[in-house]
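Counting from 1, the numbers follow the sequence of the chain as shown. Fair warning: this is a prediction, and the values are worked out from it, not measured in the lab.
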Amino acid sequence: MRTRLRGAAAVLAGLCLLAGPAACGKAAGVHEPGGPGSAGALKIGVLLPDNTSRLYHFDKPLIEKKIHQLCPACTVEVVSAEHDVATQQQQMDAMITKRVRVLILDAVDSKSLRSPVESARAAGIPVVAYDRLVEGPVSAYVSFNGRRVGQLQGEALLQALGDRARGAQIVMMNGDSTDPNSAWFQQGALDVLRGKVKIAKSYETAGWRPENANSNMSAAISSLGAGHIDGVYSANDGLAAGIISALEAAKISPLPPVTGQDAELAAIQRIVTGDQYMTVHKPFGPEAGTAAAMAVALGRGKKLDGITTHTVNSPTTRGIPAVLLTPVSVTVHRIKDTVVKDHTYTIEQICTPKFASACQKAGLTR
């Protein structure tokens, strides 16, 4: 769960699909480059932006597991940048010096990591861009269809507003301007919301930090008035937490519908209680597994024709082989059929004693 408005058009143009629209989002499985018996030990580096988000706790072990399934002799080194660009640049340089065979990179900042990506290419090390598209000569990209994420969020917000949508006043809490995904999510939401509701305030949230979303939301409440906010587009669940805290501090009741993304456990529990209206679930397995398959294939000098289903453009590189997976909308009535069904969470994890009564009302029973 992640450029500035004046640069959004350029970034969105860079992310447009070269494949036909009908092809978008159809990659649901993971294509594997040969079986576990394939020869060749490789060292694969994985660079993540932090060690607190779902990327570390869910995606990391899945990436490692899939790499070892495809290549039992392979070794994997995982590092976290703790949200610091300079740290991740140093980590990239260290991986290049160690001569890892392939890098899987979820960049803290898509622009600032361009130079290390160029250095990796010069050293003959392919880079798989993971979750967000970093600038520079990357060899492959895997993520979820960001525009569809925004569309799902916008559609859910309109559904929640119902007959009140026409003339409704909403606040848009977008992600960090340095993350190209933010503009992609925003554009998808605007595809749906533009002309249907009034966007009274729109913010870009530095660092995707909940506390910044909280400050922005408090400012919106002060400007618009507590009784004049009908809904909130929140780009992800972390921001939604900050937004809902600000709404509650202003004693706004009932809470307006608030969207989200990433299907964090706390967000699922807020959906159960009615504090948050929806989230977008991006199943970890297919994304992690695809990145692993790409890395092993590239490390063995194979092409990605049997793995990738799209091509995308970044501001610096055209025709990047890509897999864009399909996100899923989750409201209270879809929890069981989404995050429970695919074993992201159990009902026991969601329905702790604090949420038992709300879970009973929602039909979430063991």
Worksheet item: Run the side-chain contact (heavy atoms from CB on, under 4.5 Å) check on Y141 and V134 step by step: do they pass?
Response: CA-CA 9 Å; Y141 171 55; V134 65; over 6 Å; no
Distance (rounded to the nearest 0.5 Å) between [X] [atom1] and [Y] [atom2]:
| X | Y | atom1 | atom2 | value |
| --- | --- | --- | --- | --- |
| S215 | I243 | OG | CD1 | 11.5 Å |
| I170 | K196 | CD1 | NZ | 12.0 Å |
| R164 | D230 | CZ | CG | 6.0 Å |
| L190 | Q151 | CG | CD | 11.0 Å |
| Y233 | L239 | OH | CG | 9.0 Å |
| D237 | Q276 | CG | CD | 5.0 Å |

Would the distance check show the side chain of [X] and the main-chain N or O of [Y] forming a donor-acceptor pair, the cut-off being under 3.5 Å?
| X | Y | value |
| --- | --- | --- |
| T205 | G175 | no |
| S234 | M173 | no |
| Q169 | A200 | no |
| S245 | A241 | no |
| Q269 | I350 | yes |
| Q90 | T87 | no |
| R132 | P180 | no |
| T317 | G136 | yes |
| T311 | G319 | no |

[X] vs [Y] side-chain heavy atoms within contact, under 4.5 Å:
| X | Y | answer |
| --- | --- | --- |
| M217 | Y203 | no |
| Q186 | Q153 | no |
| P327 | Q261 | no |
| T178 | V85 | no |
| P126 | R101 | yes |
| R121 | S139 | yes |
| Q159 | Y277 | yes |
| V258 | R270 | no |

Fill in: side-chain contact (heavy atoms from CB on, under 4.5 Å) evaluation trace for K336 with L364
CA-CA 7 Å; K336 212 177 234 185; L364 286 173; 4.3 Å; yes
Worksheet item: Counting only heavy atoms not in Q360, do more than 12 sit closer than 6.0 Å to its CD atom?
Response: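 Not more than 12 within 6.0 Å, no.
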Practice prompt. Could you check N51 against K60 for side-chain contact (heavy atoms from CB on, under 4.5 Å), going step by step and ending with a plain yes or no?
Written response: CA-CA 10 Å; N51 62 3; K60 170 186 171 288; over 6 Å; no
Item to complete: Would you please say whether a donor-acceptor pair under 3.5 Å links the side chains of D93 and Q89?
Response: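 The answer is no; no qualifying pair exists.
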Worksheet item: Can you tell me if E264 and N236 form a side-chain donor-acceptor pair at under 3.5 Å?
Response: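 No, no side-chain donor-acceptor pair sits under 3.5 Å.
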In terms of hydrophobic clustering (I, L, V, M, F, W, Y; side-chain heavy atoms under 4.5 Å; direct or indirect links), are [X] and [Y] co-clustered?
| X | Y | answer |
| --- | --- | --- |
| V340 | V330 | yes |
| V328 | V323 | no |
| Y130 | L70 | yes |
| L158 | V332 | no |
| I244 | I221 | yes |

Do you know the tightest heavy-atom contact between [X] and [Y]?
| X | Y | value |
| --- | --- | --- |
| W184 | F144 | CZ3-O, 3.9 Å |
| A220 | V171 | CB-CG2, 4.0 Å |
| S223 | K201 | OG-CE, 3.2 Å |
| A120 | L103 | CB-CD1, 4.2 Å |
| P257 | L157 | O-CD1, 3.7 Å |
| T331 | I271 | C-CG2, 3.9 Å |

Discussion item. Please determine whether a side-chain nitrogen of the Lys or Arg among R148 and E155 lies less than 4.0 Å from a carboxylate oxygen of the Asp or Glu.
Written reply: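 Yes, this pair counts.
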Practice prompt. Give me the one residue out of D59, V78, L105, D131 that meets side-chain contact (heavy atoms from CB on, under 4.5 Å) with L48.
Written response: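 Testing L48 for a side-chain contact (heavy atoms from CB on, under 4.5 Å) against D59, V78, L105, D131 leaves exactly one candidate, V78.
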Worksheet item: Between F284 and F58, what is the ring plane arrangement, given parallel below 30°, perpendicular above 60°, and tilted in between?
Response: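 Correct class here is parallel.
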Practice prompt. Go through the steps for V272 and C359 under the test side-chain contact (heavy atoms from CB on, under 4.5 Å), then give the verdict.
Written response: CA-CA 6 Å; V272 170; C359 280; 3.9 Å; yes
